[in-house]
Amino acid sequence: MNLAQFRQRGPFEWEMPRQGAMRVPGVIFASRELLEAMDAKVGEQLANVAGLPGIVEAAYAMPDAHWGYGFPIGGVAAFDAEAGGVVSAGGVGFDISCGVRTLHTGLKLADIQRVQERLADVLYRRIPAGLGSTGALRLSGQAMGAMLRGGARWAVERGFGSPADLARIEESGCMAGADPSAVSEQAKKRQRDEMGTLGSGNHYLEVQVVDALFDAQAAQAYGLAAGDVLATLHCGSRGMGHQIGTDFLREMVIAAPRAGIALTDRELACAPLKSTLGQRYLGAMRAAINCALANRQILTHLAREAFAELFPGIHMPLLYDVSHNTCKEESHLVDGERRRLFVHRKGATRAFGPGHAELPAEYRTVGQPVLIGGSMGTASWVLAGGGQALAFASACHGAGRAMSRHEALRRWQGRGVVDELASRGILIRSPSLRGVAEEAPLAYKDVGAVVEAAEQAGLARRVARLRPLVCVKG
DNA sequence: ATGTAC
């Protein structure tokens with residue numbers, strides 16, 4: 001990235017001033033080093049997003065930002081419906097409501113070390129993973145509609161997990177305003193037998209140990225102590241989200257000229273919030289959010305069953321569940337004025353600060369848990385939402401790729417990556433050695449540098465670092 | 001990310 005195009009607002013905040021078609025500035029939160037290493041495409045895409053109708057305040061990028069489809073991954077943009085604002089399928093991302101969920105296990109590191117190989121095998125046997133993987137459920141048309149309206153609540157009613165889980169999920173596990181009739185038959189067909197599956201790419205189920213604490217008060221509120229073992233899922237809405245993205249991207253490209261929206265890049269396709277198409281997309285996207293929440297809820301049940309094979313009677317309550325590919329209607333202060341905004345977070349995590357009414361009571365004094373998935377073999381992090389509510393109360397979501405999948409395949413072999421990690425005590429199980437090579441740890445940015453920049457920028461503060469022990473990789 | 005592809 002060329003730093004000359006930025007005005008530095010602070011040590012970790014860089015402004016790209018308004019110019020040309022930009023309606024608002026672009027702002028990147030990052031250290032100088034992360035910004036220098038960032039793909040120049042992030043700057044171009046941020047400027048494009050800043051030119052969309054009805055955008056409020058600024059187009060933001062998080063420290064893990066990288067080149068995405070239309071909008072950068074690690075991007076945040078909010079729109080006001082009353083000011084001609086838009087909703088964009090590419091601004092949410094194709095894996096709608098992709099997210100991270102972390103569970104307590106009540107176990108300590110020593111408990112795992114005795115059974116680590118067996119635990120890896122049991123999890124791999126019970127958790128469907130990989131491209132095109134299918135689960136045990138086959139949803140009828142009626143069940144599909146109920147799932148798309150009910151989300152994790154639907155899954156709990158079907159016996160997956162417990163009602164107590166719901167309080168630890170954004171939106172209490174059920175996204176309001178879902179419209180199953182806005183979801184194509186093709187999207188429903190693709191999802192029919194994919195509930196309770198991990199998927200591929202950077203999705204995983206990981207067993208982790210808390211190996212460092214940074215904020216004693218927040219760690220206590222979240223129930224985290226050094227040596228605690230956690231289980232974390234990273235996955236999304238599988239074929240359904242992807243098909244909805246594909247369907248609506250096409251429609252938005254076609255409809256944009258009639259809505260008076262000039263697209264410099266077809267990947268920016270969007271529709272006015274106050275249009276039938278915009279509202280249909282929101283309804284379908286919210287249904288896909290529920291699909292992802294239900295999917296993670298079923299996977300939670302499967303993970304609990306797997307752990308119970310080795311640890312009978314184990315209790316595994318949720319720490320929290322975050323979605324990092326969404327567009328949500330939220331209330332935010334802009335220049336001292338409270339406004340209803342449609343906040344796109346694409347590869348960015350909501351990070352409500354202390355006192356927010358939507359947080360579970362036990363987390364309200366310290367802020368929302370912000371779950372950061374590391375790359376395979378590297379640390380994951382638990383952060384806490386900051387009090388400043390920067391970038392509409394958002395933070396980073398992961399390490400962020402440092403190179404393409406193609407480049408990673410050129411550099412590493414899957415078997416070599418598995419062996420190297422095993423020598424460091426990290427057991428990988430995956431149906432795809434090619435996928436493992438694409439996900440090699442060094443194909444990603446340094447997640448530690450990303451979360452440090454997030455903290456220094458005031459987006460969120462570090463609470464705990466998690467070291468991986470077992471990883472079931474899609 | 002995704003039944004790597006209307």
Side-chain angles (χ1 to χ4, degrees), chain A residues 45 64-75 88-101 128-135 138-139 183-205 233-254 266-267 269 284-285 287-289 291-293 295-296 299 322-327 344-349 373 375-376 397-410 430-439 443-444 472-474:
Chain A
Q45 294 192 319
D64 53 337
H66 56 112
W67 179 18
Y69 188 93
F71 286 49
I73 296 165
S88 166
V92 170
F94 279 72
D95 188 6
I96 296 168
S97 198
C98 179
V100 182
R101 168 182 294 214
L131 194 62
S133 53
T134 56
R138 298 288 173 272
L139 296 193
V183 178
S184 69
E185 286 308 312
Q186 180 68 2
K188 290 170 179 165
K189 183 179 161 197
R190 283 181 67 172
Q191 194 57 32
R192 193 173 51 196
D193 52 5
E194 287 191 339
M195 296 308 295
T197 65
L198 209 46
S200 63
N202 64 357
H203 289 169
Y204 58 79
L205 183 155
L233 287 158
H234 177 218
C235 64
S237 53
R238 306 287 285 109
M240 165 146 294
H242 192 267
Q243 188 63 44
I244 290 172
T246 303
D247 291 340
F248 278 91
L249 181 87
R250 189 185 298 128
E251 280 200 65
M252 286 175 175
V253 168
I254 293 167
R266 70 166 257 138
E267 295 186 2
M285 181 212 59
I289 289 178
C291 175
L293 296 179
N295 190 33
R296 289 200 285 275
L299 285 163
V322 299
S323 296
H324 51 226
N325 282 0
T326 60
C327 173
H344 294 63
R345 295 188 184 88
K346 178 187 186 181
T349 311
S375 56
M376 185 179 58
H397 84 307
R401 288 202 79 88
M403 69 180 71
S404 68
R405 296 185 174 277
H406 186 79
E407 175 65 15
L409 282 175
R410 221 176 49 75
S430 175
S432 168
L433 281 174
R434 178 195 170 98
V436 168
E438 291 178 352
E439 294 290 318
Y444 282 79
V472 174
K473 191 75 186 167

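All figures in this text were calculated on a predicted structure; none of them were measured in a lab. A, B, ... follow the sequence lines: proteins, then strands. Residue 1 opens every chain.
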Practice problem: Provide, to the nearest angstrom, the distance between the CZ atom belonging to A/Arg192 and the C1' atom belonging to B/dT2. | Solution: 18 Å
For nucleotides 4-6 of chain B, which of its nitrogen or oxygen atoms have a protein nitrogen or oxygen under 3.5 Å away, and what is each distance?
none

Self-check item: A/Arg238 side-chain N/O to B/dT2 phosphate OP1/OP2 under 4.0 Å
Solution: yes
Exercise. Could I get the full list of ring pair (Phe, Tyr, Trp, His ring centres under 6.0 Å) partners for A/His324, not counting sequence neighbours?
Key: A/His234, A/His397
Quiz item: Around atom CZ of A/Arg405, are there more than 12 heavy atoms of other residues, nucleotides or ligands at under 6.0 Å?
Solution: yes
Exercise. Name the nucleic acid region contacted by A/Gly239, choosing base, sugar-phosphate or nothing; use a 4.0 angstrom heavy-atom cut-off, strictly under.
Key: sugar-phosphate
Self-check item: A/Leu198 CG to B/dT2 P, straight-line distance once rounded to whole Å
Solution: 9 Å
Quiz item: Which is true for A/Gly245 with a 4.0 Å heavy-atom rule: it touches a base, it touches only sugar-phosphate, or it touches nothing?
Solution: nothing
Quiz item: Rounded to the Å, how far apart are A/Arg190 CZ and B/dT2 P?
Solution: 9 Å
Quiz item: Just to confirm, is there a sub-4.0 Å distance from OP1 or OP2 of B/dT2 to any side-chain nitrogen or oxygen of A/Thr246?
Solution: no
Quiz item: With sequence neighbours left out, which residue pairs that include part of residues 195-205 of chain A fulfil the salt bridge (Lys or Arg N to Asp or Glu O under 4.0 Å) condition?
Solution: none
Quiz item: Touch check for A/Arg405, heavy atoms < 4.0 angstrom, all strands: base, sugar-phosphate only, or nothing?
Solution: sugar-phosphate
Exercise. Could you tell me whether the side chains of A/Arg410 and A/Ser404 share a donor-acceptor contact shorter than 3.5 Å?
Key: no
Practice problem: Looking at every strand, decide which applies to A/Gln186 at a 4.0 Å heavy-atom threshold: base, sugar-phosphate, or nothing. | Solution: base
